[in-house]
Amino acid sequence: MELGLVGLGKMGGNMRERIRRAGHTVIGYDRNPDLADVHSLEELVGKLEGPRVVWVMVPAGAATQSTIDELAELLEPGDVVVDGGNSRWTDDEKHAEELAAKGIGFVDCGVSGGVWGLENGYALMYGGDAENVAKVQPIFDALKPEGDSGAVHAGKVGAGHFAKMVHNGIEYAMMQAYAEGWELLEKVDSVTDVREVFRSWQEGTVIRSWLLDLAVNALDEDEHLDGLRGYAQDSGEGRWTVEAAIDHAVPLPAITASLFARFASRQEDSPQMKMVAALRNQFGGHAVEKK
């Protein structure tokens with residue numbers, strides 16, 4: 001099968017290689033000419049036989065919108081666009097409608113696997129009409145992990161990215177739990193080898209996971225994480241998960257708290273704690289620390 005792939009960064013570049021290893025032809029375009037197989041989207045589309053499948057792997061928002069807008073003018077009825085980035089599911093509905101007006105199909109696909117996906121495969125959650133999904137199925141089969149699991153047709157357009165959004169929200173909460181446990185272990189005098197405690201959890205415990213394995217890897221590289229600053233960015237999915245929970249009146253206390261913890265990590269001096277300290281001083285005469 002032939003595939004056009006737009007966006008050849010850390011994820012897209014490895015995806016291109018995995019698909020090629022499965023015996024498919026991939027024509028890739030990236031703004032960085034050192035990574036690209038062609039010099040423009042127009043050239044990419046021109047090299048594909050119809051019906052074409054073009055997979056978009058660029059940042060969510062304006063970059064995805066402009067790419068889909070350009071493809072809408074280049075592709076023909078019967079072709080399919082796949083958005084494999086981290087777009088918000090509500091954008092999928094808009095993109096599907098815009099492309100459908102020109103007879104072009106649309107599939108949204110949440111992709112998980114990071115830098116390990118090339119060798120291990122990518123977990124895939126995709127949404128769209130069965131007819132359009134079928135046109136992409138050989139590529140899904142090439143990208144997914146070995147075996148019967150690791151990929152799902154989650155539902156209609158938007159379902160793939162919604163499922164990936166919830167996946168990332170759960171990921172936020174799991175990482176926060178490991179981080180809180182690690183900090184508490186580091187704090188007490190009685191535990192003298194926190195790294196090995198984490199390592200002991202990798203076998204036979206109910207909290208063993210790939211994230212735990214990665215935590216041990218990180219501690220092997222820097223036992224007390226002294227080389228890192230306590231700052232964590234968020235890429236949007238955690239916020240969207242909390243917003244969806246509010247819209248649907250679903251309580252998500254752990255995921256919400258983990259998102260707010262990331263916000264707190266970006267503050268050098270917490271304004272909220274200034275007020276807390278001031279109030280404790282006012283009502284109880286508790287000491288405050290001056291700058």
Side-chain angles (χ1 to χ4, degrees), residues 1-30 35-58 64 67-68 70-87 92 95-96 99-100 102-114 116-157 159-161 163-164:
M1 176 177 170
E2 291 184 338
L3 177 75
L5 181 58
V6 183
L8 302 170
K10 282 185 277 189
M11 286 278 281
N14 281 345
M15 288 167 63
R16 173 175 60 175
E17 178 60 23
R18 185 172 176 88
I19 296 166
R20 284 177 173 171
R21 289 180 185 180
H24 301 291
T25 298
V26 183
I27 300 171
Y29 169 70
D30 194 277
L35 302 176
D37 303 314
V38 293
H39 302 294
S40 67
L41 286 180
E42 184 176 7
E43 185 180 354
L44 180 148
V45 169
K47 285 183 175 293
L48 295 171
E49 296 286 340
R52 305 171 185 85
V53 176
V54 178
W55 188 302
V56 178
M57 205 71 191
V58 302
T64 295
T67 302
I68 290 177
E70 188 172 351
L71 287 172
E73 300 303 318
L74 295 171
L75 295 174
E76 298 174 345
D79 294 344
V80 175
V81 172
V82 182
D83 179 4
N86 281 328
S87 294
D92 296 326
H95 296 153
L99 291 170
K102 296 178 177 290
I104 302 167
F106 178 82
V107 174
D108 63 289
C109 183
V111 181
S112 182
W116 302 83
L118 174 58
E119 299 301 331
N120 297 340
Y122 298 88
L124 306 172
M125 298 140 271
Y126 38 92
D129 295 340
E131 178 186 358
N132 292 324
V133 168
K135 293 177 181 178
V136 192
Q137 194 63 54
I139 303 302
F140 292 147
D141 292 340
L143 287 171
K144 69 180 286 295
E146 297 293 331
D148 296 330
S149 60
V152 60
H153 184 183
K156 59 186 181 180
V157 165
H161 280 142
K164 176 59 163 49

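The basis for the numbers below is simple: all heavy atoms, side chains too, and nothing from hydrogens, waters or symmetry mates.
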Legend entry - Main-chain N/O of L8 paired with D30 side-chain donor or acceptor, under 3.5 Å: yes
Inset, instruction - From the options V107, I104, V53, select the one residue that forms a side chain to side chain contact (heavy atoms under 4.5 Å, CB included) with N132. - result: V107
Legend entry - Nearest non-hydrogen partners of K102 and A72, listed with the distance: CD-O, 3.2 Å
Inset, instruction - Indicate yes or no: does D37 engage R16 in a salt bridge with an N to O separation below 4.0 Å. - result: yes
Legend entry - Positive for side chain to side chain contact (heavy atoms under 4.5 Å, CB included) with F106, one of L99, V82, V80: L99
Inset, instruction - Kindly give the heavy-atom pair with the smallest separation between L143 and L124, and that separation in Å. - result: CB-CD1, 3.9 Å
Inset, instruction - Mark yes when over 12 heavy atoms from residues, nucleotides or ligands other than E17 sit less than 6.0 Å from its CD; otherwise mark no. - result: yes
Inset, instruction - Anything under 30° is parallel, anything over 60° is perpendicular, the rest tilted; go ahead and classify F140 against Y126. - result: parallel
Inset, instruction - Measure from the side-chain N and O atoms of R52 to the backbone N and O of V45, and report whether any donor-acceptor pair falls under 3.5 Å. - result: yes
Inset, instruction - Output the distance between atom CE (M57) and atom CG (N14), rounded to the nearest 0.5 Å. - result: 10.5 Å
Inset, instruction - May I ask you to test the K164-N86 pair for a side-chain heavy-atom distance under 4.5 Å? - result: yes
Legend entry - Flag, side chain of H161 to backbone of G85, donor-acceptor distance under 3.5 Å: yes
Inset, instruction - Show your working on side-chain contact (heavy atoms from CB on, under 4.5 Å) between W55 and V111 and close with a plain yes or no. - result: CA-CA 12 Å; W55 188 302; V111 181; 4.0 Å; yes
Legend entry - Beyond-backbone contact of L118 with R21, side-chain heavy atoms, under 4.5 angstrom: yes
Legend entry - Test item: D79 side-chain N/O and E76 main-chain N/O as donor-acceptor pair under 3.5 Å: yes
Inset, instruction - Write down the atom of V26, the atom of R20, and the distance for their closest heavy-atom approach. - result: O-NH2, 2.8 Å
Legend entry - Side-chain touch K47/V38, heavy atoms, less than 4.5 angstrom: yes
Inset, instruction - Taking all heavy atoms of P138 and all of A134, pick out the closest pair and write down the distance. - result: CD-O, 3.9 Å
Legend entry - Nearest heavy-atom neighbours spanning S112 and M125: CB-CE, 4.4 Å
